[in-house]
Amino acid sequence: MSIVLVVAPHPDDESLGCGGTLLKHVKGGDEVHWLIVTDMATEFGFSKHQVLTRSREITDVANAFGFHKAHNLGLCPAALDSVPMIELVGKISNVIKFVSPEVIYVPFRGDVHTDHDRVFNAVISSTKWFRYPSVTSLLCYETVSETDFALDPTAHRFSPNLYVDISEHLTRKIEICEIYKSEMDLFPFPRSARAISSLAHTRGAASGCGAAEAFVILKQIVR
């Protein structure tokens, strides 16, 4: 059994980016933890209805995946650039120390959302081998509507070097994504069932399977 941690800047990133892979981990008997960095709160300008709805979505998603535990830092969405990096690193490091994961999934640094960039950098600072020896695999996932919307021609593109066959989990992945009712819409909206399915089949065609999720290996230690 492996201990896995998926880091999501916002609730839904984990499902969009590597939902099928997480389902595969759970089915294989791995212990999967979910770290949510930002969340809705009335002090951030969200209504009580929005806060309650998001809380229910988080609970329903955690149950649907079968996560061992959800860890919520409760920071303000779209405002992580105002959080001192030392503070963000400290909060994420505390969760990593508590969970002691072997495998960590993180968002891609080149994503268009600045929250993703901040979370990526904080996780990298929180996974140095001499302070966090449990971590043997560090993988970047792609998030539809974030990774593909990064249009800077000088930036590094998402170039996967690992593919995970999620053929038997794609339908369930989409069902879980649709729990986030306010985040999903009809195609050609990027966060739609059809777009998610299309990306999975495109990655499957690139790797020789029915449907796949793609990753960039940042670190892989074989012991």
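The first residue in the sequence is number 1, and the count goes up from there.
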Participant: Write down the atom of His201, the atom of Gly210, and the distance for their closest heavy-atom approach.
Facilitator: CD2-O, 3.0 Å
Participant: What's the spacing between Glu175 CD and Leu170 CG if we round to 0.5 Å?
Facilitator: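 That separation rounds to 10.0 Å.
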Participant: With side chains defined as the heavy atoms from C-beta onward, is the minimum distance between Thr114 and Leu80 less than 4.5 Å?
Facilitator: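 Result no, sub-4.5 Å side-chain heavy-atom pair not found.
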Participant: Is there a side-chain contact (heavy atoms from CB on, under 4.5 Å) between Glu142 and Leu199? Walk through the geometry before answering.
Facilitator: CA-CA 10 Å; Glu142 60 179 334; Leu199 178 59; 4.0 Å; yes
Participant: Tell me, do Leu218 and Ile124 make a side-chain contact under 4.5 Å, heavy atoms counted?
Facilitator: yes
Participant: Please work out which of the three classes, parallel, tilted or perpendicular, describes the rings of Phe215 and Tyr105, given edges at 30° and 60°.
Facilitator: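 Tilted, since the angle between the ring planes falls between 30° and 60°.
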Participant: Hey, does the side chain of Arg131 reach the backbone of Ser93 with a donor-acceptor pair shorter than 3.5 angstrom?
Facilitator: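 It does not hold such a pair.
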Participant: What closest approach, in Å, do Arg118 and Pro84 show between heavy atoms, and which atom pair accounts for it?
Facilitator: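 For Arg118 versus Pro84, the nearest heavy atoms are NH2-C, 4.0 Å.
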Participant: Please determine whether side-chain contact (heavy atoms from CB on, under 4.5 Å) holds for the pair Arg191 and Cys177, giving the CA-CA distance in whole Å, both sets of side-chain angles, and the decisive distance to 0.1 Å.
Facilitator: CA-CA 9 Å; Arg191 292 191 300 275; Cys177 287; over 6 Å; no
Participant: Specify the closest pair of heavy atoms between Ala78 and Asp115, including all atoms of both residues, with the distance to one decimal.
Facilitator: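 Reported closest heavy-atom pair: N-OD2, 2.6 Å.
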Participant: Tell me whether Tyr132 is reachable from Val32 by hopping between hydrophobic residues (I, L, V, M, F, W, Y) whose side-chain heavy atoms are closer than 4.5 Å.
Facilitator: no
Participant: Does Val89 form a side-chain contact (heavy atoms from CB on, under 4.5 Å) with Ser126? I'd like the steps, not just the answer.
Facilitator: CA-CA 6 Å; Val89 169; Ser126 302; 3.6 Å; yes
Participant: Do side-chain atoms of Thr127 reach the backbone of Val123 as a donor and acceptor pair under 3.5 angstrom?
Facilitator: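 Judged by distance alone, yes, a pair lies under 3.5 Å.
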Participant: Let me confirm one number: the NE2-CZ distance from His10 to Arg54, rounded to the nearest 0.5 Å.
Facilitator: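 His10 atom NE2 to Arg54 atom CZ measures 10.0 Å (nearest 0.5 Å).
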Participant: Check whether Lys181 reaches the backbone of Thr53 with its side chain - one donor and one acceptor, N or O, closer than 3.5 Å.
Facilitator: no
Participant: Tell me whether Leu5 shares a hydrophobic cluster with Met1, the cluster being built from Ile, Leu, Val, Met, Phe, Trp, Tyr side chains joined at under 4.5 Å.
Facilitator: yes
Participant: Output the distance between atom CD (Gln50) and atom CG (Leu52), rounded to the nearest 0.5 Å.
Facilitator: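 Rounded to the nearest 0.5 Å, the CD-CG separation comes to 11.0 Å.
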Participant: Which heavy atom of Asp39 sits nearest to which heavy atom of Pro11, and what is that distance?
Facilitator: OD1-CG, 4.4 Å
Participant: What is the distance from atom CD1 of Ile179 to atom CZ of Arg56, rounded to the nearest 0.5 Å?
Facilitator: 14.0 Å
Participant: Do Val216 and Tyr141 share a hydrophobic cluster, counting only Ile, Leu, Val, Met, Phe, Trp and Tyr and linking them when any side-chain heavy atoms are less than 4.5 Å apart?
Facilitator: no
Participant: To the nearest 0.5 Å, what is the distance between OG1 (Thr171) and CD1 (Ile166)?
Facilitator: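 The CD1 atom of Ile166 is 9.5 Å from OG1 of Thr171, to the nearest 0.5 Å.
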Participant: Under 4.5 Å between any side-chain heavy atoms of Val106 and Val119, yes or no?
Facilitator: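 No. Closest side-chain heavy atoms not under 4.5 Å.
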Participant: Check the hydrophobic clustering (I, L, V, M, F, W, Y; side-chain heavy atoms under 4.5 Å; chains of links allowed) and say if Val26 and Ile3 are grouped together.
Facilitator: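 Not linked; separate clusters.
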Participant: Where do Phe189 and Glu183 come nearest, in terms of heavy atoms and distance?
Facilitator: CE2-O, 3.4 Å
Participant: Taking the six-membered ring for Trp, are Phe158 and Phe108 parallel (under 30°), tilted (30 to 60°) or perpendicular (over 60°)?
Facilitator: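 Because their plane-to-plane angle is over 60°, the rings of Phe158 and Phe108 count as perpendicular.
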Participant: Using side-chain heavy atoms (C-beta onward) and a distance below 4.5 Å, is Met184 in contact with Ile196?
Facilitator: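 Side chain of Met184 against side chain of Ile196, heavy atoms only: contact under 4.5 Å found.
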Participant: Is the ring centre of Phe67 less than 6.0 Å from the ring centre of Phe65?
Facilitator: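 Ring centroids of Phe67 and Phe65 are less than 6.0 Å from each other.
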Participant: Indicate yes or no: at least one non-hydrogen side-chain atom of Lys91 is less than 4.5 angstrom from one of Leu75.
Facilitator: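 The answer is yes; the side chains approach within 4.5 Å.
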Participant: Check whether Phe98 and Ile96 end up in the same hydrophobic cluster, where Ile, Leu, Val, Met, Phe, Trp and Tyr are linked by side-chain heavy atoms less than 4.5 Å apart.
Facilitator: yes
Participant: For Ser137 and Gln220, which I'm curious about, is there any donor-acceptor pair between the side chains at under 3.5 Å?
Facilitator: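 The answer is yes; a qualifying pair exists.
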Participant: For residues Ala212 and Cys209, report the shortest heavy-atom separation together with the two atoms involved.
Facilitator: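 For Ala212 and Cys209, the tightest heavy-atom pair comes out as CB-SG, 3.7 Å.
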Participant: Hey, which of Val7, Asn94, Leu35 is the one that makes side-chain contact (heavy atoms from CB on, under 4.5 Å) with His71?
Facilitator: Leu35
Participant: Is a donor on one side and an acceptor on the other found under 3.5 Å between the side chain of Ser55 and the backbone of Val51?
Facilitator: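 No, Ser55 side chain to Val51 backbone: no donor-acceptor pair under 3.5 Å.
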Participant: Drop me the distance from Asp13's CG to Thr143's OG1, to the nearest 0.5 angstrom.
Facilitator: 5.0 Å
Participant: Run Lys27 and Glu168 through side-chain contact (heavy atoms from CB on, under 4.5 Å) and show every step you take.
Facilitator: CA-CA 11 Å; Lys27 183 178 180 181; Glu168 66 176 292; 2.6 Å; yes
Participant: Between Thr147 (side chain) and Asp111 (backbone), is there a donor-acceptor pair under 3.5 Å?
Facilitator: no
Participant: May I have the list of side-chain donor-acceptor pairs in residues 16-23 shorter than 3.5 Å, sequence neighbours left out?
Facilitator:
residue	atom	partner	partner atom	Å
Thr21	OG1	Glu213	OE1	2.6

Participant: Would you find a donor on one side and an acceptor on the other, under 3.5 Å apart, between the side chain of Arg157 and the backbone of Gly110?
Facilitator: no
Participant: Kindly indicate whether the side chain of Pro9, heavy atoms from C-beta on, has any atom under 4.5 Å from the side chain of Thr38.
Facilitator: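 They are not in contact (no side-chain heavy atoms under 4.5 Å apart), so the answer is no.
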Participant: A side-chain contact here means heavy atoms from C-beta on lying under 4.5 Å apart; do Lys219 and Ile221 qualify?
Facilitator: yes
Participant: If we only count heavy atoms from C-beta on, is the Leu88 to Val37 side-chain gap below 4.5 Å?
Facilitator: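 Side chain of Leu88 against side chain of Val37, heavy atoms only: contact under 4.5 Å found.
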